[in-house]
Amino acid sequence: MAALSSAPSSSTAVIAGLGRALVQAGKITMLQAEGIARAANAAQIQFIDQLLNTKVMTPIELASNLSQMFALPLLDLNAFDPAQMQHDVIDKKLVQGLKIAGLHRRGNKLTVAVSDAANYQAIDQIKFQTQLSIEAVVVEHDKLMQLLDRLGQSTEATLNEYINDDLQLDFEDAEVNPAEAAAQQDVDDAPVVRFLQKILMDAINDGASDIHFEPYERFYRIRFRQDGQLREITQPPLAIKDKLASRIKVISRLDISEKRVPQDGRMKLVLSKTRAIDFRVSTLPTLYGEKIVMRILDPSQAKLGIDALGYEPDQKETLMNAIQRPYGMVLVTGPTGSGKTVSLYTCLNILNQPGINISTAEDPAEIQLAGVNQVNMNDKAGLTFAAALKAFLRQDPDIIMVGEIRDLETADISIKAAQTGHMVFSTLHTNDAPTTLTRLMNMGVPTFNIASSVILITAQRLARKLCVCKQPIQIPDEAMLAAGFRERDLDGSWTPYHAVGCDICKGSGYKGRVGIYQVMPITEEIQRIILAGGNAMEIAAQAKREGVSDLRQSGLRKVKSGATSLEEVLAVTNE
């Protein structure tokens with residue numbers, strides 16, 4: 001019997017801390033505590049983890065019991081803003097080892113979140129390390145673990161977890177001067193390099209147009225612009241922001257020691273022997289570090305072909321007839337990000353033949369096209385659009401593309417080039433095709449020059465395409481008529497669709513984008529209105545009489561075909 005009575009005392013010797021406190025409070029039995037302790041030792045995990053694994057009590061029940069037993073406040077971490085956490089007060093190794101999070105500091109008092117209130121030794125370690133007075137609050141264990149994981153206290157562990165494959169990509173070699181050599185050693189950190197490569201590849205595979213690296217006071221986030229919408233991808237550890245910025249600046253040939261002024265650069269990611277992606281890089285000093293935006297410039301976009309852009313058959317025929325003419329001016333208008341550059345390059349790619357001399361003046365050249373002489377503007381050196389155009393006219397050009405007409409001088413030279421046997425392409429920032437003509441008049445271009453040179457204007461927007469998960473929807477006739485449909489359109493021969501969301505589109509309901517266009521040729525009647533000094537409303541009315549669809553009508557045609565939703569068209573054509 002003595003042997004039997006000694007066995008429990010031997011087992012209870014391992015019951016300490018949380019287990020002993022729960023037994024003494026009558027929350028669990030000694031037998032339960034012994035079993036949990038043995039299982040925890042065998043699995044090499046903490047007592048509290050095994051306790052919750054056995055479902056003896058739930059995390060909220062445990063937290064409530066400990067709050068009462070130790071007379072400590074109970075806090076729901078879901079109601080606490082992680083941005084207010086004290087990241088730098090407690091050593092990160094202690095945070096991970098002791099499973100304690102610093103929540104709030106006021107003077108010499110630090111409030112910490114604990115899930116094991118019986119772990120006095122951990123509290124003492126934090127107090128010794130911080131030299132602060134510690135006030136503990138009890139939180140649910142599972143929520144505390146999720147918070148610590150989300151905060152990514154271990155930078156390398158977090159990055160290695162995010163990078164789940166071994167990426168081996170090449171960047172175009174960047175020359176680094178000796179003064180930057182020491183700084184570059186600090187950015188050749190393998191996890192950071194591979195993390196950047198992973199972000200770039202994810203952006204390319206997801207069809208993103210821009211990548212935003214954004215530092216803030218308490219967190220660092222990365223967002224992709226997909227189908228015109230910004231979407232947060234991840235929040236890596238704040239500690240990597242400087243290394244990541246330096247790495248991007250090195251491969252973009254920027255000055256990594258200069259952090260006080262914006263910089264612009266370019267880099268190339270070599271995916272294979274036959275494919276490389278260019279990135280246009282822009283840095284901007286902010287309150288908490290350098291924000292970096294990378295524009296993805298995929299040359300394959302310019303080779304999609306005119307059919308992939310979304311022109312209706314009649315619009316495509318009108319555009320093709322115009323660009324095949326030997327001289328004149330074709331203008332593409334729309335806001336920033338409406339796809340003007342891709343449309344222009346698609347036209348240039350069609351015209352890019354061995355017997356044609358094409359020159360472009362851009363700020364900067366976004367898509368590199370073999371066989372086209374592309375010139376980057378450099379205002380500081382005196383290379384403006386006007387200066388480039390004057391030089392082009394001495395280079396025996398057939399086709400000239402001007403990135404943007406910004407002033408009277410550029411407009412004047414462009415129009416004169418169109419009048420002297422050259423085809424000129426350019427862009428303006430206007431709402432629609434008719435207002436483009438009045439914009440040129442307001443710039444000071446004589447009406448007779450506009451009427452004799454401009455042959456076609458295309459206004460455009462980009463609308464998100466519905467994903468394959470789209471579903472039919474019933475829309476009242478009143479709403480359809482208010483949107484711009486005509487009575488004869490509501491004949492029941494077609495069905496509108498709306499966005500739903502699935503894994504393919506990541507829940508947005510949209511995948512990819514399609515162009516909405518207003519293609520307006522300059523006819524004799526419109527020329528007469530221009531020469532008479534007519535306004536945009538008169539030009540629009542005449543274009544409508546000639547059968548030119550405005551942006552809203554073109555968008556509604558996309559709704560009828562099921563390419564996009566009525567909500568999306570109303571959003572992008574809300575003038």
Test Phe224 against Leu230 for side chain to side chain contact (heavy atoms under 4.5 Å, CB included), laying out the working first.
CA-CA 6 Å; Phe224 291 171; Leu230 275 174; over 6 Å; no
Could you please spell out the steps behind the salt bridge (charged side-chain N to carboxylate O under 4.0 Å, His left out) verdict for Asp550 and Lys544?
CA-CA 8 Å; Asp550 60 18; Lys544 185 177 181 179; over 6 Å; no
Check against salt bridge (charged side-chain N to carboxylate O under 4.0 Å, His left out), Lys249 and Glu290:
CA-CA 11 Å; Lys249 289 166 74 174; Glu290 289 183 285; 3.0 Å; yes
One pair to check against side chain to side chain contact (heavy atoms under 4.5 Å, CB included): Val332 and Leu428. What are the steps and the verdict?
CA-CA 7 Å; Val332 180; Leu428 276 90; over 6 Å; no
With salt bridge (charged side-chain N to carboxylate O under 4.0 Å, His left out) as the test, would you mind laying out the steps for Lys465 and Glu568 before giving the verdict?
CA-CA 9 Å; Lys465 293 173 64 176; Glu568 181 69 8; over 6 Å; no
Is there a side chain to side chain contact (heavy atoms under 4.5 Å, CB included) between Val293 and Ile211? Walk through the geometry before answering.
CA-CA 6 Å; Val293 177; Ile211 311 172; over 6 Å; no
Under the side chain to side chain contact (heavy atoms under 4.5 Å, CB included) criterion, do Leu462 and Val514 qualify, and how do the steps go?
CA-CA 6 Å; Leu462 288 179; Val514 64; over 6 Å; no
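Defined by atom type and a distance below 3.5 Å, a donor-acceptor pair is missing between the side-chain atoms of Asn349 and Thr346. Ser554 and Gln315 form a side-chain donor-acceptor contact under 3.5 Å, judged by distance and modelled atom types alone. Of the N and O atoms on the side chains of Thr436 and Thr430, at least one donor lies less than 3.5 Å from an acceptor on the other residue.
Looking at Gln226, its side chain never comes within 3.5 Å of a backbone N or O of Ser209 through a donor-acceptor pair. Put simply, the side chain of Thr283 gets close to the backbone of Gln263: a donor and an acceptor are under 3.5 Å apart. Of the possible polar contacts, one joining the Ser426 side chain to the Val402 backbone as a donor-acceptor pair under 3.5 Å is found. Asp489 places a side-chain N or O within 3.5 Å of a backbone atom of Arg486 that can act as its donor or acceptor partner. Asp227 places a side-chain N or O within donor-acceptor distance of the main-chain N or O of Gly512, the cut-off being under 3.5 Å. In this structure, Ser246 contributes its side chain and Lys243 its backbone to no donor-acceptor pair below 3.5 Å. For Thr333 (side chain) and His429 (main-chain N/O), no donor-acceptor pair under 3.5 Å exists by modelled atom type. In terms of modelled atom types and a separation under 3.5 Å, the side chain of Asp206 and the main chain of Ala208 share no donor-acceptor contact. Judged by distance alone, with hydrogens and angles left aside, the side-chain atoms of Asp432 form a donor-acceptor pair with the main-chain N or O of Thr435 at under 3.5 Å. With hydrogens and angles ignored, the 3.5 Å screen pairs a side-chain donor or acceptor of Asn442 with a backbone N or O of Thr438.
For the ring pair (Phe, Tyr, Trp, His ring centres under 6.0 Å) test, residues two or more places apart in sequence or in another chain that qualify with Phe485 are Trp494. Here Lys340 pairs with nothing under the salt bridge (Lys or Arg N to Asp or Glu O under 4.0 Å) rule; sequence neighbours left out. With sequence neighbours excluded, the residues forming a ring pair (Phe, Tyr, Trp, His ring centres under 6.0 Å) with Tyr311 are Tyr517, listed by chain and number. Residues meeting the salt bridge (Lys or Arg N to Asp or Glu O under 4.0 Å) test with Glu258, sequence neighbours left out: Arg260. Scored by the side-chain hydrogen bond (donor to acceptor under 3.5 Å, both in side chains) test, Arg225 finds no partners at all (sequence neighbours excluded). Partners of Glu232 according to the side-chain hydrogen bond (donor to acceptor under 3.5 Å, both in side chains) rule, which considers only residues two or more places apart in sequence or in another chain, are Gln235. A search for salt bridge (Lys or Arg N to Asp or Glu O under 4.0 Å) contacts involving Asp363 returns Arg406, not counting sequence neighbours. For the side-chain hydrogen bond (donor to acceptor under 3.5 Å, both in side chains) test, no residue two or more places apart in sequence or in another chain qualifies with Asn352. Taking Arg439 as the reference, nothing meets the side-chain hydrogen bond (donor to acceptor under 3.5 Å, both in side chains) condition, with sequence neighbours excluded. Applying the salt bridge (Lys or Arg N to Asp or Glu O under 4.0 Å) rule to Glu362 yields no partners; only residues at least two apart in sequence or on another chain are considered. Contacts of Tyr216 classified as ring pair (Phe, Tyr, Trp, His ring centres under 6.0 Å), with partners at least two apart in sequence or in another chain: Phe219.
Heavy atoms only, all atoms of each residue included: Val559 and Val569 are closest at CG2-CG2, 3.6 Å. Listed here is the closest heavy atom pair of Thr360 and Val372: CG2-CG1, 3.5 Å. Of all heavy-atom pairs spanning Arg552 and Ala483, the tightest one is NH1-O, 2.9 Å. Listed here is the closest heavy atom pair of Gln518 and Ala433: OE1-N, 3.2 Å. What you find for Ile522 and Leu456 is that their closest heavy atoms are CG1-N, 4.0 Å. Minimum interatomic distance between Ala365 and Asn376 (heavy atoms only, all atoms of both residues): N-OD1, 2.6 Å.
Residue Leu284 places its CG atom among more than 12 non-hydrogen atoms of other residues, nucleotides or ligands, all under 6.0 Å distant. Within a 6.0 Å radius of CD in Gln474, other residues, nucleotides and ligands contribute 12 heavy atoms or fewer. The number of heavy-atom neighbours closer than 6.0 Å to CE of Met537, taken from other residues, nucleotides and ligands shown, is 12 or below.
Between Leu551 and Asn431 there is no side-chain heavy-atom pair separated by less than 4.5 Å. When side chains are defined from C-beta on, Leu566 counts as touching Leu556, because their heavy atoms get closer than 4.5 Å. The shortest side-chain heavy-atom distance between Cys502 and Cys467 falls under the 4.5 Å cut-off. Looking only at side-chain heavy atoms (C-beta outward), Val548 and Val519 stay at 4.5 Å or farther from each other. Looking only at side-chain heavy atoms (C-beta outward), Leu77 and Gln146 stay at 4.5 Å or farther from each other. The shortest side-chain heavy-atom distance between Lys143 and Asp76 falls under the 4.5 Å cut-off. When side chains are defined from C-beta on, Leu440 counts as touching Leu331, because their heavy atoms get closer than 4.5 Å. Looking at Phe195 and Leu244, their side chains come closer than 4.5 Å, going by heavy atoms from C-beta outward.
For Asp210 and Arg223, the salt-bridge test fails: no basic side-chain N is under 4.0 Å from an acidic carboxylate O.
Residue pairs meeting the side-chain hydrogen bond (donor to acceptor under 3.5 Å, both in side chains) criterion with at least one partner in residues 495-512, sequence neighbours excluded, are Tyr510-Ser565.
Between the CD1 atom in Ile292 and the NZ atom in Lys241 there is a gap of 12.0 Å [rounded to 0.5 Å].
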